[in-house]
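Structure first, then comments.
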Amino acid sequence: MFELTQGEGRYQVRFRVLTADGNGLVVFITGGERPHLGGTALASLPPQGCGDLSSCDTWDITLPGHKDKELARELARKICLAVGEPVSVNVGIHTDNASGEEIRYLCSQAEELAERFIGQYITNKEKHG
């Protein structure tokens with residue numbers, strides 16, 4: 001399991017990943033004042049020989065009233081393309097009365113954590129074949 005955290009207080013974002021030994025990743029991104037599950041996205045590369053491996057298929061769902069699926073979809077796609085495995089991303093970040101700027105900041109925290117995770121995961125895969 002990988003776990004990364006960035007920020008403090010109402011701006012803290014936690015990024016946790018469970019791996020399936022090279023056969024998929026389950027990512028949980030939570031944070032803010034009220035961590036929860038708001039949206040989920042699944043990304044997968046097409047089967048070998050069945051499409052362009054520079055793109056992936058994505059599916060997403062959300063709980064009513066939540067907007068977390070947009071970030072989940074973006075990060076599922078990014079991680080899937082980077083590591084070449086199916087990825088499920090579950091997001092729930094909430095800060096009361098957040099401004100647009102604060103929401104963008106929280107999303108950028110999650111994006112930075114995804115980049116850090118990708119680098120660490122690829123390095124780990126290369127070391128352990």
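Nearest heavy-atom pair, E85 versus C80, reported as atom, atom and distance to 0.1 Å: O-SG, 3.3 Å. Residues S88 and T40 approach most closely at OG-CG2, 4.0 Å, considering heavy atoms. Minimum heavy-atom separation, P46 to S55: CD-O, 3.5 Å. In terms of heavy atoms, A98 sits closest to I103 at CB-CG1, 3.9 Å. A pairwise comparison of heavy atoms in G32 and P35 identifies O-CD, 4.2 Å as the closest pair.
Taking OG1 of T30 as the reference point, atom NE2 of H36 lies at 9.5 Å (rounded to 0.5 Å). The line from CG of D96 to CD of E33 is 4.5 Å long, rounded to the nearest 0.5 Å. Put simply, CG on D60 and CZ on R77 are 13.5 Å apart, with the number rounded to the nearest 0.5 Å. Separation of atoms CD (Q12) and OG1 (T95) is listed at 10.5 Å; rounding is to 0.5 Å. Of the inter-residue distances, the one linking D68 atom CG with R73 atom CZ reads 12.0 Å to the nearest 0.5 angstrom. In this structure, L81 CG and C56 SG are separated by 4.0 Å, a value rounded to the nearest 0.5 Å.
Residue L25 shares its hydrophobic cluster (ILVMFWY side chains chained together at separations under 4.5 Å) with F2, L4, Y11, V13, F15, V17, V27, I29, L71, L75, I79, V83, V87, V89, V91, I93, Y105, L106, L113, F117, I118, Y121, I122.
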Going through the checks in order, is the side-chain contact (heavy atoms from CB on, under 4.5 Å) test met by H66 and H94? CA-CA 10 Å; H66 293 263; H94 179 84; over 6 Å; no

With side-chain contact (heavy atoms from CB on, under 4.5 Å) as the criterion, how do L18 and F28 come out once you've worked through the C-alpha distance, each side chain's angles and the decisive distance to 0.1 Å? CA-CA 9 Å; L18 300 173; F28 298 95; 4.0 Å; yes

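A continuous path of hydrophobic side-chain contacts links M1 to V26 [ILVMFWY only; heavy atoms under 4.5 Å].
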